[in-house]
Amino acid sequence: MAPSTPDAPAPDTKDVLLARRGRAAHLTLNRPRALNALTHAMVRRIDEALTAWEHDPEVETVVLTGAGDRGLCAGGDIRAIHEDARTGGTASAEFWRDEYRLNGRIARWSKPYVAVMDGIVMGGGVGISAHGNVRIVTERSRVAMPETGIGFVPDVGGTYLLSRAPGELGTHLALTGTAVGAADAILCGLADHYVPSSELPELLDELSISPVREALPRHTHQPPPPGVLTAHRDWIDRCYAADTVEEIVDRLLATGIQEAKQTAETILTKSPTSLKVTLRAMRRARELPTLEEVLTQEYRISCAALTSPDLVEGIRAQVIDKDREPRWNPRTLGEVTDGMVERFFGTHP
């Protein structure tokens, strides 16, 4: 692909808009009615654009944004994943293979990759933003890996990022799916810079004429709104250091702290299988030295989840029927055996 081709997106790639503005090349996720949820075609389009721009000397910076005013990206197209899992298809496995490769590529990107994590950034949205080398959050940012609530497990390198958060903060976010604001996203290593949303248009304009190292500092002079995690570090670190999900829940309930009790109640609404697999994945991710190795582990887990009843049921309850009453199988943590968990870590073709 010639460096100039991304200037004019083909009609069938309208879900990812590409543009060149001076020194900067822009990727805009353009499915605002679906909160810019990623499809396989979008992942391929982003990868093609990065290929075109990687060695283009006229492109100094890549900027990722989301269309609409609700957020960057709510994740993958889980309705499509639900149908694939329900019918025993392979499209999701193929999608994840390309998506995870793109996540790794973004982490290795040699030029400034400016991810504007404004509004909702969840699941796959984290994967295409939080691995970048310039990650911007605003007062509207809500960043989360909410997979345990749909019978899935944090992926797109999420277990790599969260396993490297301070103390046990990442374990807390992985198990509960809690969305965090700007300050806590920065604290947990999911973002780097706070820019008020009102200043984003000016910053993006400046990136067309100035390098990131010159433009960004002019807009990062304000502190983000206060976060909440620092005040809870003591009980979070103490409780989540336990070896099992059951013990984590017991420790949370035993603290006598209202927020910890509410957290235990939240955890118990999630898929028991997903919770146990997530904790095991987080512990293993800490020991894996590279993002690529963690992505390989996540791919095996994701493919195994396609054959788990909880993925179909979780998406049904949260997205399809929206009754918010998933019937997990197994129903309780105690019914999830070590063998059931280990199945998710087996070698997958």
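These numbers come from a predicted model, not from an experiment. The figures that follow rest on heavy atoms only: side chains count, while hydrogens, waters and symmetry mates do not.
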Looking at Arg251 and Glu247, is there a salt bridge between them, counting it only when a charged N and a carboxylate O are closer than 4.0 Å?
yes
For Leu173, run the side-chain contact (heavy atoms from CB on, under 4.5 Å) check against Leu161, Val143, Val180 and tell me which one passes.
Val180
Trace of the side chain to side chain contact (heavy atoms under 4.5 Å, CB included) decision for Thr273 with Met340
CA-CA 8 Å; Thr273 302; Met340 292 176 183; 5.5 Å; no
Heavy-atom closest contact (Arg331 atom, Glu335 atom, distance)
N-OE1, 3.4 Å
Between His232 and Trp235, how do the two ring planes meet: parallel, tilted or perpendicular, split at 30° and 60°?
tilted
Is the charged tip of Arg284 near the ring of Phe345: under 6.0 Å from the six-membered ring centre and within 45° of its axis?
yes
Can you confirm whether more than 12 heavy atoms, excluding those of Asp323, are under 6.0 Å from its CG atom?
yes
Determine whether Glu293 and Thr290 satisfy the following criterion, side-chain hydrogen bond (donor to acceptor under 3.5 Å, both in side chains), listing intermediate values before the conclusion.
CA-CA 5 Å; Glu293 288 172 280; Thr290 68; 2.9 Å; yes
Between Trp109 and Glu54, is there a donor-acceptor pair closer than 3.5 Å when you use the side chain of the first and the backbone of the second?
no
Euclidean distance, Leu229 CG relative to Thr178 OG1, rounded to 0.5 Å
8.0 Å
Heavy-atom count around Arg324 CZ within 6.0 Å, excluding the residue itself: above 12?
yes
Heavy-atom pair with the smallest gap, counting every atom of Pro224 and Ala182
CB-CB, 3.9 Å
When you check the gap from the basic side-chain N to the acidic O, do Arg280 and Glu342 get nearer than 4.0 Å?
yes
Measure the CG-OG1 distance between Leu169 and Thr230 for me, rounded to the nearest 0.5 Å.
7.5 Å
Side-chain touch Arg286/Thr171, heavy atoms, less than 4.5 angstrom
yes
Give, for atom CG of Asn36 and atom CD1 of Ile128, the distance between the pair rounded to the nearest 0.5 Å.
8.5 Å
Do the side chain of Arg79 and the main chain of Val319 share a donor and acceptor less than 3.5 angstrom apart?
yes
Would a single hydrophobic cluster contain both Ile46 and Met117, if residues Ile, Leu, Val, Met, Phe, Trp and Tyr are joined by side-chain heavy-atom contacts under 4.5 Å?
yes
Step by step, work out the side-chain hydrogen bond (donor to acceptor under 3.5 Å, both in side chains) result for Glu206 and His219.
CA-CA 11 Å; Glu206 289 182 24; His219 301 276; 3.1 Å; yes
Strictly below 4.0 Å, N to O, side chains only: are Glu265 and Lys261 in salt-bridge contact?
yes
Are the side chain of Thr148 and the backbone N or O of Leu175 linked by a donor-acceptor pair below 3.5 Å?
yes
So does Ala130 get a backbone contact from the side chain of Arg135, meaning a donor-acceptor N/O pair under 3.5 Å?
yes
Is Arg164 close enough and on-axis enough to Tyr160, meaning under 6.0 Å and within 45°, for cation-pi?
yes
In terms of hydrophobic clustering (I, L, V, M, F, W, Y; side-chain heavy atoms under 4.5 Å; direct or indirect links), are Tyr194 and Leu64 co-clustered?
yes
In Å, rounded to the nearest 0.5 Å, how long is the span from NZ of Lys111 to NE2 of His55?
8.0 Å
Verify whether one side chain among Thr255 and Arg238 offers a donor that lies under 3.5 Å from an acceptor in the other.
no
Determine, for Asp15 against Arg45, whether the closest basic-nitrogen to carboxylate-oxygen distance falls under 4.0 angstrom.
no
With a 4.5 Å heavy-atom cut-off, do Ile120 and Leu72 have their side chains touching?
no
For the pair Glu139 (side chain) and Ser197 (backbone), establish whether a donor and an acceptor sit closer than 3.5 Å, ignoring hydrogens and angles.
yes
Please check if the side chain of Thr296 supplies one atom and the backbone of Glu292 the other of a donor-acceptor pair under 3.5 Å.
yes
Between Ala93 and Leu306 the two heavy atoms that sit nearest each other are N-CD1, 4.1 Å
Flag the pair Arg300 / Phe344 as yes when at least one side-chain heavy-atom distance between them is below 4.5 Å, and no otherwise.
no
Output for pair (Ile136 CD1, Leu216 CG), nearest 0.5 Å, gives 5.0 Å
In terms of hydrophobic clustering (I, L, V, M, F, W, Y; side-chain heavy atoms under 4.5 Å; direct or indirect links), are Leu288 and Met145 co-clustered?
yes
So does Asp310 pair up with Lys270, basic N to acidic O under 4.0 Å?
no
Beyond-backbone contact of Val134 with Tyr113, side-chain heavy atoms, under 4.5 angstrom:
no
Please test Val121 against Ser129 for side chain to side chain contact (heavy atoms under 4.5 Å, CB included), starting from the C-alpha separation and ending with a verdict.
CA-CA 9 Å; Val121 186; Ser129 60; 3.7 Å; yes
Between Val62 and Val114, does the side chain to side chain contact (heavy atoms under 4.5 Å, CB included) criterion hold? Intermediate values first, please.
CA-CA 6 Å; Val62 171; Val114 180; over 6 Å; no
Do the non-hydrogen side-chain atoms of Leu27 and Trp53 ever get within less than 4.5 Å of each other?
yes
Approximate separation, where rounding is to 0.5 Å, of Arg327 CZ and Glu313 CD
5.0 Å
Before you tell me yes or no, could you show the steps for Arg343 and Ser308 under side chain to side chain contact (heavy atoms under 4.5 Å, CB included), namely the whole-Å CA-CA distance, both residues' side-chain angles and the distance that decides it to 0.1 Å?
CA-CA 10 Å; Arg343 181 183 76 83; Ser308 167; 4.1 Å; yes
Main chain of Val156, side chain of Glu298: is a donor-acceptor contact present, judged purely on distance under 3.5 Å?
yes
Between Arg108 and Gly104, is there a donor-acceptor pair closer than 3.5 Å when you use the side chain of the first and the backbone of the second?
yes
Taking Val59 as the starting point, is it possible to reach Leu102 by hopping between hydrophobic residues whose side chains are less than 4.5 Å apart?
yes
Donor-acceptor contact present, side-chain Glu168 to main-chain Ile236, <3.5 Å:
no
Take atom CZ of Arg218 as the centre, draw a 6.0 Å sphere, and report whether it contains more than 12 heavy atoms from other residues, nucleotides or ligands.
yes
Looking only at heavy atoms, the pair that brings Arg233 and Pro166 closest together is NH1-CB, 3.7 Å
At their closest point, which heavy atom of Ala179 faces which heavy atom of Ala144, and how far apart are they?
CA-CB, 3.6 Å
Distance-only, no hydrogens or angles: does the Ser210 side chain make a donor-acceptor pair with backbone N or O of Leu207 under 3.5 Å?
no
How about Glu147 and Ser274: do any of their side-chain heavy atoms sit closer than 4.5 Å?
no
In the structure I gave you, are the side-chain heavy atoms of Leu190 and Leu162 within less than 4.5 Å of one another anywhere?
yes
Is the closest side-chain donor-acceptor distance between Asp77 and Thr39 under 3.5 Å?
no
Decide whether Met282 and Ile248 are clustered together by the hydrophobic rule: side chain heavy atoms of Ile, Leu, Val, Met, Phe, Trp, Tyr closer than 4.5 Å, transitively.
yes
Does a salt bridge link Glu246 with Lys276, judged by any charged N lying under 4.0 Å from a carboxylate O?
yes
Residue pair Val63 / Leu204: nearest heavy atoms and the distance that separates them
CG1-CD2, 3.7 Å
Are any non-hydrogen side-chain atoms of Leu333 and Leu268 less than 4.5 angstrom apart?
yes
